[in-house]
Every structure is written in structure tokens, then in C-alpha cells.
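Please read the structure below before turning to the comments.
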Amino acid sequence: MSECFLIKGKIDDNAASQGGVASVDYNDTYVFDASGNLKQMSAGVLAAYRLQSGEGELWISGNLDVTPFEIELEFRKTGIARNWLENLIVRHVTRQRFLDESLTIFARTAEEGTGILCADIPSTAQPQVSEWRKTNEL
């Protein structure tokens, strides 16, 4: 399993284990499942989801200027939490020209032979599941 956390404009590989994840109210949550599908889920459902090998999850607080298609694309390219998060930040900064320190992102991936329960992440946020729009943006 790999985890990575963007908090206050900096990437931290240890923030999740130090309780940084629990102090954030997430407005968007995504899971990339073993079937190769990206799904937007409510935090309550995701808190009970068990990641299996080859899966990942992304928790976002704030406005990340990337599309669901780009989230999926970057996961497929890397499959590792830190690389996935870094690539999404590059896309965001390319559009916004800055990185707002209020943007917080938690990324977690499960490698071969692991299975983790996401129950350690609080279900404080209940984001609405909106319709996805298809895009050709890269």
C-alpha cells in the first residue's frame, strides 16, 4: 500500500499516519477499482470500501481543476499514490497557475497482495454524486 497527502501546498507521505487525513472535510471522493473503472463515491460508502490489489482512492478537499477522466488517466499511468498525486497537481497548476494552500488531497493505492479497509478515514463529508461529463481534455 502507498499513501500520499497534499496539505498546505506540500506533499507528505506520512500525514495520513499522523492523523492529517482525519482533520479534513472532503468534498470529492473517487475509487479506481480492480475492473478499471473510476467511480465517484460518497465518503460514507468509501469509508467501508476495501481496496484490493491494483485499486486506488482519492479524497479531495477544495477545488482540484482536473476532470474525472484525467484522474483515471493518471492512475492508469502510474498506479502509485505519490506519482498519481504529483501528476494531478501538475495538471491543476498548469490550468490555475498556482497551488492554493487550502487544497488538500489524499491518495492511496493498494499494491499486489494487499487489501486495506478504508475505515480509518472519517465519513464527515457527504459529497453529492454528480453525473460525469466525458471530455477529451488532456
List in chain and number order the residues that pass side-chain contact (heavy atoms from CB on, under 4.5 Å) with V90, two or more places apart in sequence or in another chain; answer none if no residue qualifies. T94
Rounded to the nearest 0.5 Å, what separates atom CG in L64 from atom CD1 in I71? 6.0 Å
Heavy-atom side-chain proximity of I60 to T29 below 4.5 angstrom: no
Taking the side chain as every heavy atom from C-beta outward, state whether F106 and E57 have any pair of such atoms under 4.5 Å apart. yes
Can you name the residues that form a side-chain hydrogen bond (donor to acceptor under 3.5 Å, both in side chains) with D100, not counting sequence neighbours? S102
Answer yes or no: is there a side-chain heavy-atom contact under 4.5 Å between L51 and T109? no
Non-hydrogen side-chain atoms of L85 and E3 separated by less than 4.5 Å: no
If the condition is salt bridge (charged side-chain N to carboxylate O under 4.0 Å, His left out), which residues does K77 pass it with, not counting sequence neighbours? E74
Output for pair (R95 CZ, D65 CG), nearest 0.5 Å, gives 5.5 Å
With sequence neighbours left out, the residues meeting ring pair (Phe, Tyr, Trp, His ring centres under 6.0 Å) with F75 are F32, W84
C4 SG to I80 CD1 distance, which is reported to the nearest 0.5 Å: 11.0 Å
Salt bridge (charged side-chain N to carboxylate O under 4.0 Å, His left out) partners of R82, counting only residues at least two apart: D13, E86
In Å and rounded to the nearest 0.5 Å, what is the CD1 to CG distance from I7 to L103? 10.5 Å
For V31 and M41 the tightest heavy-atom approach is CG2-SD, 3.4 Å
Below 4.0 angstrom, N of the basic side chain to O of the carboxylate: do K8 and E101 qualify? no
With sequence neighbours excluded, what pairs up with D33 under the salt bridge (charged side-chain N to carboxylate O under 4.0 Å, His left out) test? K39
Sequence neighbours excluded, which residues qualify as side-chain contact (heavy atoms from CB on, under 4.5 Å) partners of N63? none
Among L99, T104, D12, L88, the one residue meeting side-chain contact (heavy atoms from CB on, under 4.5 Å) with L6: L99
